[in-house]
Amino acid sequence: MNDRLTISLFELFEIFPNEESAKRYLEEKRWGDKVVCPFCGKSEKQYRVKRNGVEGYFECGECGKVYTVRTGTIFERSHVPLHKWIFAFYLVVTSRKGISSMQLSKEIGVTQKTAWFMLQRIREACNSNHDDDNGFLSGIVEADGVYIGGKESNKHESQKLKAGRGIVGKTAVLGMRAKVLARVIPDTSRDTVHQILNKYLSRDSVLVTDEHASYKESQFNHQVVNHSAKQYVDGMAHTNGIESVWAVLKRGFYGIYHSFSTKHLQRYVDEFAYRLNEGNVKIHTWVRLDALMARAFSTRITYAELKN
């Protein structure tokens, strides 16, 4: 690892010029010096074999299954060479506002449909905040809501809902920041907001919000910044951190993606949260790549699951 905090695209191409170099890297990151069968979990009697003259396969002497480094990961059943996958990871990690499937398709020479599928798989790996992560946040936690979606005035006439102004046609997202965690929610009612806060905040957290009624009567030590009275910092209490998250998300929304489908919005939100948590530019690019790669090894989602 060099002294700089990043590596250039040219350096990345030199390190991973082909499928074989990427495969060796992924095998080392996934297994180290002891290969483990993804089917039975055994590490003894794992043998390198060829299939149809092609290397890169392993056979388990315990259960008899044949597998590769792709098996059980987001790379499984993908025909995209592994060095192109690593390049896609690099772009997701280093592009602060994200990268579109159209741009990725041009960068690595695949179809837009393939690039979209790759990015959705990577976003799935970005989600470390699974539903069983109770008490994920602690300390001083800022919370704020945002509505994501296109403006009615910018939509084609056939797509306009014609149901009023404001939040019509938009989806609510509740964000919390000690580390960044955000969840798409069906509404901003007190019951819904409290359910999310109670799930992800430890009981001794200090909750800092604006004056929205949905935060009232929570079980936490609650401090309020009154935005309607032009009060943005009250001593140590402020929501500047979570609002900066929305600023980055909206720049990506308007400048890169132009729209997020409601169906996949949580994955886009997870991508931005991951970059803000683990993708800090003060962290070396290799460390950021390795961290996201580790998640990729334990994540699997199919095209049918994405489309259904």
Side-chain angles (χ1 to χ4, degrees), residues 5-7 74 88-101 103-104 119-131 133 135-149 171-185 193 196-197 199-202 205-210 225 232-233 236-260 264-296 298-299:
L5 291 176
T6 187
I7 57 174
I74 65 172
F89 271 74
Y90 175 91
L91 292 175
V92 168
V93 165
T94 59
S95 302
R96 183 167 175 78
K97 294 182 288 186
I99 181 169
S100 69
S101 57
Q103 184 63 35
L104 179 61
L119 287 171
Q120 294 290 38
R121 289 190 185 192
I122 294 172
R123 291 181 187 116
E124 186 74 12
C126 286
N127 176 18
S128 66
N129 308 319
H130 299 296
D131 288 339
D133 278 339
F136 180 80
L137 301 173
S138 61
I140 298 175
V141 181
E142 302 169 36
D144 189 37
V146 69
Y147 286 93
I148 300 295
T171 305
V173 180
L174 177 64
M176 296 148 281
R177 185 166 193 174
K179 291 184 68 173
V180 180
L181 189 156
R183 282 289 174 264
V184 175
I185 54 177
V193 170
I196 297 296
L197 294 176
K199 186 175 185 63
Y200 292 110
L201 273 63
S202 63
S205 297
V206 177
L207 176 65
V208 183
T209 73
D210 60 19
V225 180
Y232 297 101
V233 177
M236 293 298 292
H238 63 80
T239 56
N240 298 341
I242 189 61
E243 288 169 5
S244 69
V245 173
W246 301 145
V248 174
L249 179 63
K250 287 181 178 180
R251 284 199 293 270
F253 176 84
Y254 291 113
I256 303 297
Y257 299 107
H258 309 305
S259 66
F260 296 147
H264 300 296
L265 178 56
Q266 184 62 61
R267 291 191 181 90
Y268 286 97
V269 170
D270 288 337
E271 175 194 346
F272 279 83
Y274 173 81
R275 261 195 305 272
L276 290 165
N277 287 331
E278 312 294 342
N280 191 306
V281 294
K282 295 180 180 179
I283 303 173
H284 198 288
T285 304
W286 276 124
V287 176
R288 290 184 273 163
L289 279 172
D290 288 346
L292 185 52
M293 201 67 67
R295 298 182 184 189
S298 59
T299 304

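Computed from a prediction, not measured in an experiment: that's the story for all the values here.
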Open item on the list: With a 4.5 Å cut-off on side-chain heavy atoms, are I7 and H284 touching?
Closed with: yes

TODO: Starting from the C-alpha separation in whole Å, work towards a yes-or-no answer on side-chain contact (heavy atoms from CB on, under 4.5 Å) for F253 and L249.
DONE: CA-CA 6 Å; F253 176 84; L249 179 63; 5.6 Å; no

- [ ] Check the pair H258 / Y254 against side-chain contact (heavy atoms from CB on, under 4.5 Å), numbers first and verdict last.
- [x] CA-CA 5 Å; H258 309 305; Y254 291 113; 6.0 Å; no

- [ ] Hey, can you tell me if Y268 and F260 have their rings parallel, tilted or perpendicular (30° and 60° cut-offs)?
- [x] parallel

Open item on the list: If I take atom CD from residue E271 and atom CZ from residue R123, how far apart are they, to the nearest 0.5 angstrom?
Closed with: 4.5 Å

Task: Distance in Å, L207 CG paired with E142 CD, rounded so as to fall on 0.5 Å steps - done: 10.0 Å

Task: Residue pair M176 / L201, side-chain heavy-atom distance below 4.5 Å - done: yes

Task: Heavy-atom side-chain proximity of V141 to V208 below 4.5 angstrom - done: no

Task: Non-hydrogen atoms of L197 and A143 that approach each other most closely - done: CD2-CB, 4.3 Å

- [ ] Go through the steps for R177 and V245 under the test side-chain contact (heavy atoms from CB on, under 4.5 Å), then give the verdict.
- [x] CA-CA 9 Å; R177 185 166 193 174; V245 173; 3.4 Å; yes

Task: Separation between CD1 of I148 and OG1 of T171, rounded to the nearest 0.5 Å - done: 8.5 Å

- [ ] Using a strict cut-off of less than 4.0 Å between a Lys/Arg side-chain nitrogen and an Asp/Glu carboxylate oxygen, indicate whether E278 and R288 qualify as a salt bridge.
- [x] no

- [ ] Look only at the side chain of S100 and the backbone of Y257, and say whether a donor-acceptor pair between them is shorter than 3.5 Å.
- [x] no

- [ ] Using a 4.5 Å cut-off on heavy atoms from C-beta on, say whether the side chain of R275 contacts that of V92.
- [x] yes

Open item on the list: How long is the straight-line distance from OG of S101 back to CD1 of I256, given to the nearest 0.5 Å?
Closed with: 11.5 Å

TODO: Check whether any side-chain heavy atom of Y274 sits under 4.5 Å from a side-chain heavy atom of V180, and report yes or no.
DONE: no

Task: Pairwise distance CG(N127) to CG(D270) - rounded to 0.5 angstrom - done: 4.0 Å

Task: Closest approach of F272 to R96 (non-hydrogen atoms, all atoms of both residues) - done: CE2-O, 4.0 Å

TODO: Ignoring hydrogens and angles, state whether a donor on the side chain of S138 or S205 is under 3.5 Å from an acceptor on the partner side chain.
DONE: no

Open item on the list: When you compare the side chain of R121 with that of T299, does any pair of heavy atoms fall below 4.5 Å?
Closed with: no

Task: Chi angles and distances behind the side-chain contact (heavy atoms from CB on, under 4.5 Å) call for V269, R183 - done: CA-CA 8 Å; V269 170; R183 282 289 174 264; over 6 Å; no

Open item on the list: When you compare the side chain of T209 with that of V225, does any pair of heavy atoms fall below 4.5 Å?
Closed with: no

